[in-house]
Amino acid sequence: MARQENLMAKKTDEITPPKMNILAQYVRDLSFENILAQKGVDGELNPEIQVNVNIDAKKRTTDKQFDVIIKLRVDSKSKNTNNILFVLELDYGGVFQIENVPDDQLHPYLLIECPRMLFPFLRRIVSDVTRDGGFPPLNLENIDFLKLYRQEIDRRKNAKEKNGSKVKH
């Protein structure tokens, strides 16, 4: 029994936790169009907000470093008239140094954990830009990056199955 406990203790000691350092954060692209002000849309503003999120990750030339980009698009339309009020597009990135993550877990780590670290900063930028653009600040709700990741995996799997069934023999 003591030998088994020693083996388990050794295995636990050998496991090193993942290590993540954010080396830089940056706005890669930002666009805000206040359509309401440009076109002079009248009437009661009852906005409907639609948020689309995409995440991209790629390895940098430096060992163990990765770029992770959150691509966000926010469309605001009037519920009453369907007129566009504003459009915001933001590509917000981070440079991450990641160690002690097994290769088979790196992809989900990059597309789930890294965006979680960037999101509070992206949220602040969206809030500031919408406020400075003449609207009440838009405070984005938390994004479930794990759910987004799973949806993308399912979408790719279904697309692959759909394309596979179209192949003629």
Side-chain angles (χ1 to χ4, degrees), residues 1-32 48-76 86-131 137-169:
M1 186 75 152
R3 180 177 163 87
Q4 187 176 9
E5 288 175 1
N6 285 339
L7 286 174
M8 289 178 67
K10 280 185 179 181
K11 285 184 179 180
T12 305
D13 290 343
E14 291 173 8
I15 298 173
T16 54
K19 183 178 176 185
M20 172 199 300
N21 288 323
I22 303 173
L23 304 177
Q25 294 183 56
Y26 57 95
V27 173
R28 186 171 78 174
D29 191 22
L30 173 63
S31 171
F32 182 82
E48 180 178 289
I49 305 291
Q50 182 178 355
V51 179
N52 293 307
V53 179
N54 288 306
I55 302 164
D56 189 25
K58 65 179 180 180
K59 181 141 183 38
R60 294 174 66 97
T61 54
T62 306
D63 192 36
K64 299 179 183 175
Q65 288 187 9
F66 301 86
D67 281 314
V68 176
I69 306 288
I70 301 174
K71 298 176 181 182
L72 182 83
R73 180 180 170 106
V74 179
D75 293 291
S76 176
F86 72 81
V87 176
L88 182 141
E89 295 176 314
L90 172 62
D91 290 2
Y92 189 75
V95 178
F96 292 85
Q97 182 166 346
I98 298 174
E99 298 177 23
N100 304 328
V101 175
D103 288 342
D104 65 331
Q105 295 176 15
L106 187 59
H107 188 256
Y109 194 86
L110 289 170
L111 298 179
I112 299 168
E113 295 306 321
C114 294
R116 281 184 186 164
M117 301 305 291
L118 295 175
F119 183 73
F121 303 97
L122 176 139
R123 174 192 274 161
R124 185 188 54 86
I125 292 168
V126 168
S127 177
D128 289 350
V129 167
T130 53
R131 183 197 64 229
L138 175 60
N139 294 312
L140 295 174
E141 293 182 22
N142 281 328
I143 295 174
D144 186 346
F145 292 103
L146 174 58
K147 182 179 175 183
L148 283 178
Y149 181 79
R150 287 180 175 158
Q151 288 173 343
E152 180 62 15
I153 295 298
D154 289 345
R155 186 192 67 78
R156 288 182 183 191
K157 180 181 173 187
N158 291 337
K160 188 175 183 181
E161 288 173 359
K162 194 175 186 179
N163 289 337
S165 65
K166 291 182 179 179
V167 175
K168 293 183 180 181
H169 298 282

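Scope of the values below: all heavy atoms of this structure, side chains included, with no hydrogens, waters or symmetry mates. Heads up: numbering here begins at 1 and tracks the sequence.
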After noting the C-alpha distance and the side-chain angles of Ile49 and Phe86, does the key distance pass the side chain to side chain contact (heavy atoms under 4.5 Å, CB included) rule?
-> CA-CA 10 Å; Ile49 305 291; Phe86 72 81; 4.2 Å; yes
(Q) Using side chain to side chain contact (heavy atoms under 4.5 Å, CB included), reason through Asp91 and Asp56 one step at a time and then give a plain yes or no. (A) CA-CA 10 Å; Asp91 290 2; Asp56 189 25; over 6 Å; no
For Leu138 and Ser76, run side chain to side chain contact (heavy atoms under 4.5 Å, CB included): C-alpha distance rounded to whole Å, both residues' side-chain angles, the deciding distance at 0.1 Å, then the answer. CA-CA 10 Å; Leu138 175 60; Ser76 176; over 6 Å; no
inquiry  = Would Ile112 and Arg116 count as a side chain to side chain contact (heavy atoms under 4.5 Å, CB included) here? Give the steps.
reply    = CA-CA 6 Å; Ile112 299 168; Arg116 281 184 186 164; 3.7 Å; yes
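Ring geometry for His107 versus Tyr149: interplanar angle of 30 to 60°, hence tilted.
Annotation: Tyr109, atom OH; neighbour count of heavy atoms from other residues, nucleotides and ligands within 6.0 Å is above 12. Atom CZ of Arg131 is surrounded by more than 12 heavy atoms from other residues, nucleotides or ligands within 6.0 Å. Lys19 NZ: 12 or fewer foreign heavy atoms inside a 6.0 Å radius.
Looking at heavy atoms from C-beta onward, Gln151 lies out of side-chain contact with Asp154 at the 4.5 angstrom threshold. Using a 4.5 Å cut-off on side-chain heavy atoms (C-beta onward), Val74 and Thr130 make no contact.
Closest non-hydrogen pair, Phe145 versus Ile70, comes out as CZ-CD1, 4.3 Å. Between Lys64 and Lys59, the closest heavy-atom pair is N-NZ, 3.3 Å. In this structure, Tyr92 and Gln25 approach most closely via the heavy-atom pair OH-OE1, 2.8 Å. Gly93 and Ile69 make their closest contact through CA-CD1, 3.6 Å (heavy atoms, listed as atom of the first residue, atom of the second, distance). In plain terms, the two heavy atoms of Leu118 and Gly94 that are nearest each other are CD1-N, 3.8 Å. Smallest separation of non-hydrogen atoms from Ala57 and Val68: CB-CG2, 4.1 Å.
Rounding to the nearest 0.5 Å places CD of Gln97 at 10.0 Å from CZ of Phe66.
A donor-acceptor pair under 3.5 Å is absent between the side-chain atoms of Thr16 and the main chain of Asn100, judged by distance alone. Checked by atom type and distance alone, the side chain of Asn21 never pairs as donor or acceptor with a backbone atom of Leu23 at under 3.5 Å.
Of the residues Asn54, Leu90, Asp29, the one that meets the side-chain contact (heavy atoms from CB on, under 4.5 Å) test with Lys71 is Asn54.
Residues Asn142 and Arg123 bring a donor and an acceptor atom of their side chains to less than 3.5 Å of each other. With hydrogens and angles left out, the side-chain atoms of Gln50 and Glu48 include no donor and acceptor closer than 3.5 Å.
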